[in-house]
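Worksheet: the structure to be examined is printed underneath.
Nothing here was measured: the structure is a model prediction, and the numbers come from that model. Throughout, a chain's letter reflects where its sequence line sits, starting with A, and its residues are numbered from 1. The basis for the numbers below is simple: all heavy atoms, side chains too, and nothing from hydrogens, waters or symmetry mates.
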2 protein chains.
Amino acid sequence: MATQTTVAQIGTYEGQAVILRGWLYNKRSSGKIQFLQVRDGTGVIQCVAVRNEVGEDVFARCSELTQEASVIVEGVVRADARAPIGYEVQLTDIQLVGESVDYPITLKEHGVDFLMDHRHLWIRTPRQRAILKVRAEVERAMQAFLDGDGFTRVDPPVLTPSSAEGTTELFHIKYFDEDAYLTQSGQMYMEAAAMALGKVYSMGPTFRAERSKTRRHLIEFWMIEPEMAYYTHDDNLALQERFVSSVVEHVLNHCEAELATIGRDVSKLQHVTAPFPRMSYDEAIAWLQKRGHDIQWGDDFGAPHETELAGQFDRPVFIERYPTAIKAFYMQPDPERPEVVLCADLLAPEGYGEIIGGSQRIHDFHLMEERFAQHHLPEAAYQWYLELRKWGSVPHSGFGIGLERTVAWICGLEHVREANPFPRTLYRLYP
Amino acid sequence: MATQTTVAQIGTYEGQAVILRGWLYNKRSSGKIQFLQVRDGTGVIQCVAVRNEVGEDVFARCSELTQEASVIVEGVVRADARAPIGYEVQLTDIQLVGESVDYPITLKEHGVDFLMDHRHLWIRTPRQRAILKVRAEVERAMQAFLDGDGFTRVDPPVLTPSSAEGTTELFHIKYFDEDAYLTQSGQMYMEAAAMALGKVYSMGPTFRAERSKTRRHLIEFWMIEPEMAYYTHDDNLALQERFVSSVVEHVLNHCEAELATIGRDVSKLQHVTAPFPRMSYDEAIAWLQKRGHDIQWGDDFGAPHETELAGQFDRPVFIERYPTAIKAFYMQPDPERPEVVLCADLLAPEGYGEIIGGSQRIHDFHLMEERFAQHHLPEAAYQWYLELRKWGSVPHSGFGIGLERTVAWICGLEHVREANPFPRTLYRLYP
């Protein structure tokens, strides 16, 4: 009797009869033989139907199949060195489960708007499936690293009365009789959690109501935010480079087939090992000025600046100690130079820009109180955050890494939208 | 030189000098000896300061410490059979990092409202820390089971133009010029993903704008939603019982200390092995009627009904095949009895009620079109969901498990709010 299995596990059934349940991805015929490309979510395999062997009835059923018809295939697994996965199936029987007439996504080229309108179907194509698979492996790698490093996962709330970074880019919501906002970052909650659990991380959706339409922005995107009690700025950077290089290594080891499907030049990822180069903000400004950029000390970097700065290196680069004036209120000033803060952005190579923003946080109660006043923060909503500095405050640091940007870089995508299963962009809320 | 380590790893340093960085949880003194309970997020350890050994200065510093002061302790690790973790630290030096004057949460009893107002500090207490640790281990166990079973993680959007279950309990949001809602369930998106990736699961926040205030409800809660192509109702239940029992087993094996801190009677969890008992809805109604409940066929169960039904068993029980009229529009009717659907709720024992809702989904295009009409669903917003039935539709099933309810049951909590780090309830959005 045939064993039900998946494409991913087909190698363990060589010479045996199997049943696969999937969809017809593509088909070609040479008259007496039909070659069916069948996908089942775990991979694609060629199923070969030979007229003389399967009989007229089964052969006719194969002939009638159209793209994306769902099928249950029975056949015998054969090793085949020419096949991308090393095996093919000698088909013996096939059953149509669900028909597929005029499937809208053909194997031709389609425009991006059309594909995004059909995102629920587009994710079935091998390239999109491979990207989602890499995304899942990146998440797994991040969690495995952090769990193995003594971190505890903590899930901060999405609904918040306030935010760490101003209210202009926040989505407002009526929470019964109160006003609430969708979180831009779980950081403040993670700081509280770090005081309870030592080293913590979150992994969840965050939101920015930005009217920007670039290849690096999504309205809803996932962040992983580790926060560590008793960590200094330097501890923070050392952790980040170990973390990012372990994630890249994991993907190289676990997603060979997916990266090949995507067409990623993996040689670009093989350099991504710790330590990462570091430039101070001062050095970065001077370097850009020398290359003819019209940028002054105190300015923030734009995407072209980031691309050029990162372009010097074959792995991500830290830019550290930005001016206090252009960074978030909670960042710890450099004790020797209070006009800069103990922060760093990590810029990915190949033009992918900032994937991590992190800093040491202010742990002194009075300095934080000053910042509250300077930034006109509503004390009532933030009272609890201030209180973290009142009882047993410790130096602590943390960072946030953008999941879609990281996946876009690792996969070599043109736009972050392909790194999210159902991306939300400025004018897209469907499907 | 002393090695910096954590309470969790203290056992590997027996007889050696170590440095611990943490907070003073509690203290008692016998004149010449002080016993400091120091917590560092990974556990609590007793540090013993003997006046004659540490000298006046260090001893005086110990005397001055108050609850939740942050401290760096140096000392030598000693095995001690009386200690809950098997070790204590013979203190040699201590340094105050951050003071703590009049810490609001004392070791006395406090009211729940007070504790919830101070949730950012309350999570530092051993019991709350233990619950959060169990929550993290439940998440890890769920992911490990699903990853190991061939599932791919997919993150559905929080911002949606519509919802699977009506709009009355939805939070509305202005998405630039459009209307959007916070997701109640990622299920519809997971169905699309299952057609692309075979077996998928999500793990993320969901929202219900319900004006209910019970010990089982949160406004924002986490759900894990697996969805499987080619799975029937029976496949679905078999998966669920393997899944839940493996999660419970993982927690029993990995959280012994935490469950002891919480005071959980773990003997109640040791029976939780597959298979789980099953009752049909019909049987459940008849059983309740026989016990004198005023309930008719067609009624939904209330919390007291669920508690009584589940009270018959020492492990969770499936109640299956509810009336079509009281369940969601997308559920597959029983082919032999279309007045009931191929669904099941999983009720936890000990009064914890429903932790899982699941069903086989309608895969026939025309039947789904009929349901759209019957339920007055806006076709434009749901078009993509209907289209999943148009091209290569297959029988498929899935379920959603509530994280906080599962953690509340496993930990034996009185209220789900303790199972979430920063719970959102009807009148609580702070901290």
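Of the two parts of R389(B), neither the backbone nor the side chain holds a non-hydrogen atom closer than 4.5 Å to a non-hydrogen atom of chain A. At a 4.5 Å heavy-atom cutoff, W122(A) makes no contact with chain B through either its backbone or its side chain. With a 4.5 Å cut-off on non-hydrogen atoms, E210(B) touches chain A through its backbone but not through its side chain. Only the backbone of A194(A) comes within contact range of chain B, judged by heavy atoms closer than 4.5 Å. Using a 4.5 Å cut-off between heavy atoms, A8(B) does not touch chain A at all. Both the backbone and the side chain of A180(B) come within contact range of chain A, judged by heavy atoms closer than 4.5 Å. Contact of A380(A) with chain B is made through the backbone alone, with heavy-atom distances under 4.5 Å. Within the 4.5 angstrom heavy-atom criterion, only side-chain atoms of P205(A), from C-beta onward, approach chain B.
Atom NZ in K174(B) sits 15.5 Å away from atom NZ in K174(A) (nearest 0.5 Å). Atom NE2 of residue H120(B) and atom CD of residue Q383(A) lie 7.5 Å apart, to the nearest 0.5 angstrom. Between atom CD of residue E387(A) and atom CG of residue L121(B) there is a gap of 6.0 Å, rounded to the nearest 0.5 Å. Rounding to the nearest 0.5 Å gives a distance of 8.5 Å between NE2 of H363(A) and OG of S70(B). Considering NZ of K133(B) and OG1 of T152(A), their distance stands at 2.5 Å, rounded to 0.5 Å. The structure places OG1 of T42(B) at 9.5 Å from CG of L197(A), a figure rounded to the nearest 0.5 Å.
Of all heavy-atom pairs between R424(B) and T160(A), the closest is NH2-CA, 4.2 Å. Minimum heavy-atom separation, G392(A) to W23(B): O-NE1, 2.8 Å.
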Test side chain to side chain contact (heavy atoms under 4.5 Å, CB included) on D40(A) and Y230(B); report intermediate values, then the result. CA-CA 10 Å; D40(A) 75 343; Y230(B) 283 105; over 6 Å; no
Intermediate values then yes/no, side chain to side chain contact (heavy atoms under 4.5 Å, CB included), R135(B) and D155(A): CA-CA 10 Å; R135(B) 176 184 166 111; D155(A) 304 311; 2.6 Å; yes
Take V394(B) and R21(A) through the side chain to side chain contact (heavy atoms under 4.5 Å, CB included) test and state the conclusion after the steps. CA-CA 9 Å; V394(B) 304; R21(A) 307 184 299 185; over 6 Å; no
Is there a side chain to side chain contact (heavy atoms under 4.5 Å, CB included) between L182(B) and L159(A) once you walk through the steps? CA-CA 10 Å; L182(B) 301 189; L159(A) 299 173; 3.8 Å; yes
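Between chain B and the residues P157(A), G198(A), S393(A), A192(A), the most heavy-atom pairs under 4.5 angstrom are made by P157(A). If you tally non-hydrogen atom pairs under 4.5 Å between each of E99(B), K199(B), R119(B), M195(B) and chain A, the highest count goes to M195(B). Most heavy-atom pairs under 4.5 Å with chain B: of the set G43(A), P104(A), P156(A), this distinction falls to P104(A). Contact count versus chain A (heavy atoms, under 4.5 Å) is highest, among I219(B), L388(B), T6(B), D364(B), for I219(B). Ranked by non-hydrogen atom pairs under 4.5 Å with chain B, the options H118(A), R153(A), Q143(A) are led by R153(A). Considering only heavy-atom pairs separated by less than 4.5 Å from chain B, the leading option among V200(A), D117(A), D102(A), L403(A) is D102(A). Between chain A and the options A209(B), G204(B), G150(B), P423(B), the largest number of non-hydrogen pairs under 4.5 Å is found for A209(B). Between chain A and the residues G98(B), P395(B), A229(B), the largest count of heavy-atom pairs under 4.5 Å involves G98(B). Of the listed residues (V154(A), V101(A), T125(A)), the greatest number of heavy-atom pairs within a distance under 4.5 Å of chain B belongs to V101(A). Annotation: maximal heavy-atom pairing with chain B below 4.5 Å, among L96(A), L429(A), N420(A), occurs at L429(A). Of all the listed residues (T66(B), L132(B), D147(B)), the one sharing the greatest number of non-hydrogen pairs under 4.5 Å with chain A is D147(B). Counting heavy-atom pairs closer than 4.5 Å to chain A, the top residue among R39(B), E137(B), E191(B) is R39(B).
Checking side-chain atoms of E220(B) against main-chain N and O of V158(A) turns up a donor-acceptor pair under 3.5 Å.
Aromatic ring pairs are classed by plane angle as parallel below 30°, tilted from 30° to 60° and perpendicular above 60°; the pair W391(B) and Y103(A) is perpendicular.
Between F176(B) and Y427(A), a ring centre-to-centre spacing not shorter than 6.0 Å is recorded.
For the ring pair (Phe, Tyr, Trp, His ring centres under 6.0 Å) criterion with Y175(B), the lone passing option out of F207(A), Y430(A), F171(A) is F171(A).
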